[in-house]
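First the structure, in the form of structure tokens, and then the observations on it.
Please read all numbers here as calculations on a predicted model, not as lab measurements. In the text below, chain A, chain B and the rest are named by the order of the sequence lines, each starting its count at 1.
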Amino acid sequence: DSGVTQTPKHLITATGQRVTLRCSPRSGDLSVYWYQQSLDQGLQFLIHYYNGEERAKGNILERFSAQQFPDLHSELNLSSLELGDSALYFCASSVAPHQPQHFGDGTRLSIL
Amino acid sequence: DAKTTQPTSMDCAEGRAANLPCNHSTISGNEYVYWYRQIHSQGPQYIIHGLKNNETNEMASLIITEDRKSSTLILPHATLRDTAVYYCTHYMDSNYQLIWGAGTKLIIKP
């Protein structure tokens with residue numbers, strides 16, 4: 001158990017819809033990272049927050065947004081969903097930037 | 001572009017040492033090398049990290065070359081449960097973004 005909690009574990013929705021993925025970091029971790037992993041692909045970095053502020057952006061689509069709240073949990077919002085958005089979405093946390101990241105079990109998003 | 005290079009796949013006999021190489025020739029002088037593994041579709045698991053010196057923990061050992069352009073992860077006594085995709089990564093300068101390659105699919109055979 002990494003200590004990082006992601007909900008929901010599975011999400012099935014239709015094209016054009018909007019979903020919110022939630023992440024609770026390990027106790028004491030200030031950094032939260034979001035990744036996308038499509039079938040049999042590597043991890044694609046989406047975005048990094050540190051103590052509530054955005055620190056780095058990867059190839060995150062404009063239809064996607066994220067935020068980190070004062071209690072340090074984070075949400076990833078995906079809108080106008082397309083079939084290609086079907087993937088595993090992982091959240092990771094670390095004590096600070098440049099420290100080892102610890103990953104949650106992921107949310108499997110299926111777009112029908 | 002910053003990147004890491006690893007073999008696509010490797011086999012190792014159960015009980016033997018598994019040595020996984022990685023090339024990270026673009027790593028900056030003050031950036032750590034991190035190793036993670038991913039079993040099936042589970043979340044990646046942190047294994048070990050290092051800067052210059054060799055490191056060892058309960059899971060593995062990490063050997064970093066003196067010029068820091070490459071490293072080797074060593075699983076001393078591989079078990080079937082070590083079958084996974086192993087990723088060698090480092091941060092891209094000060095961008096707080098880990099560089100993830102395709103990883104090495106390690107298959108431990110009985």
Handout entry: Any donor-acceptor N/O pair, B/Tyr46 side chain to A/Ser2 backbone, under 3.5 Å
Key = no
Problem - Nearest-0.5 Å distance that lies between atom CG in B/Leu98 and atom OH in A/Tyr35 - result: 4.5 Å
Problem - Shared hydrophobic cluster for B/Leu62 and B/Met10 (ILVMFWY, side-chain gaps under 4.5 Å) - result: yes
Practice task
Verify, without hydrogens or angle tests, whether B/Tyr91 (side chain) and A/Gln99 (backbone) share a donor-acceptor contact under 3.5 angstrom.
Solution key: yes
Problem - Whether over 12 other heavy atoms sit under 6.0 Å from B/Arg16 CZ - result: no
Problem - Greater than 12 external heavy atoms within 6.0 Å of A/Asp71's CG - result: yes
Practice task
Check the surroundings of atom CG in B/Asn23: do more than 12 heavy atoms from other residues, nucleotides or ligands lie under 6.0 Å from it?
Solution key: yes
Practice task
Would you kindly confirm whether A/Tyr89 and A/Leu112 end up in one hydrophobic cluster when ILVMFWY residues are joined by side chain heavy atoms under 4.5 Å apart?
Solution key: no
Fill in the blank from the handout: Honestly, the part of B/Tyr32 sitting under 4.5 Å from a heavy atom of chain A is neither
Exercise for the section: Tell me, for A/Leu43 versus chain B, whether the close heavy atoms (under 4.5 Å) come from the side chain, the backbone, both or neither. Expected result: both
Exercise for the section: Please state whether the side chain, the backbone, both or neither of B/Gln45 comes within less than 4.5 Å of a heavy atom of chain A. Expected result: neither
Problem - A/Leu88-A/Leu39 co-clustered via ILVMFWY side chain contacts under 4.5 Å - result: no
Exercise for the section: Examine whether an atom of A/Gln37 lies under 4.5 Å from a heavy atom of chain B, and if so say whether it belongs to the side chain, the backbone or both; otherwise answer neither. Expected result: side chain
Handout entry: Shared hydrophobic cluster, B/Leu51 / B/Trp35 (ILVMFWY, side-chain heavy atoms < 4.5 Å)
Key = no
Practice task
Please say whether more than 12 non-hydrogen atoms of neighbouring residues, nucleotides or ligands are located less than 6.0 Å from CZ in A/Arg108.
Solution key: no
Exercise for the section: Taking the side chain as every heavy atom from C-beta outward, state whether B/Tyr34 and A/Gln101 have any atom pair closer than 4.5 Å. Expected result: no
Handout entry: Flag side-chain contact, heavy atom, 4.5 Å: B/Gln38 against A/Phe90
Key = yes
Fill in the blank from the handout: In short, B/Tyr87 meets A/Gly42 closest at the heavy-atom pair OH-CA, 4.3 Å
Completion exercise
Looking only at heavy atoms, the pair that brings B/Gln97 and A/Gly58 closest together is OE1-CA, 4.3 Å
